[in-house]
Amino acid sequence: MTQKTPEEHAEETADLMESLQASVRRVRQEAERLCADLTQSSETEMAQASKQLSAVEGLIRICQKVEASLVEQHERQVGHAQGGAVLDLDGARNEIGCRLARLRACCNETELP
């Protein structure tokens, strides 16, 4: 199994985010159309559809929150990819472990936590 470079991983994540954002946008637009249809109904139909209208409006709000979250995440991913600031936490952990081991080797172990 080949390991992906940080750039490849960031690109795949950005593609996934764009796909998710498009899907959520389509759901929101459909919910907004349904909401508009329900509000244009007659009064008797409106009384029957009030629960559906509330549910659809709630779905629209959820979609908007998800879209905003996806945009923020996508912007973070694009910023990391462009700035080269993708963090390698495992590499950092290993480096810190090695440095601590060298410190322990040259100093009294009881002085270090």
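Predicted model only: the values in this text are computed from it and were never measured.
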**Message:** With clusters defined by side-chain heavy atoms of hydrophobic residues (ILVMFWY) lying less than 4.5 Å apart, directly or transitively, does Leu34 cluster with Ile60?
**Reply:** yes
**Message:** Any salt bridge linking Glu32 with Arg28? Criterion: basic side-chain nitrogen under 4.0 Å from a carboxylate oxygen.
**Reply:** yes
**Request:** Please report the closest heavy-atom contact between Cys63 and Val24, naming both atoms and the distance.
**Result:** O-CG1, 3.4 Å
**Asked** Atom CZ in Arg99, atom CD1 in Ile96: separation rounded to 0.5 Å?
**Response** 8.0 Å
**Prompt:** Going through the checks in order, is the salt bridge (Lys or Arg N to Asp or Glu O under 4.0 Å) test met by Arg26 and Glu30?
**Reply:** CA-CA 6 Å; Arg26 283 191 301 272; Glu30 188 61 35; over 6 Å; no
**Message:** Tell me if a side-chain donor or acceptor on Ser69 pairs with a main-chain N or O of Lys65 at a distance below 3.5 Å.
**Reply:** no
**Prompt:** To the nearest 0.5 Å, how far apart are SG in Cys98 and CZ in Arg93?
**Reply:** 13.0 Å
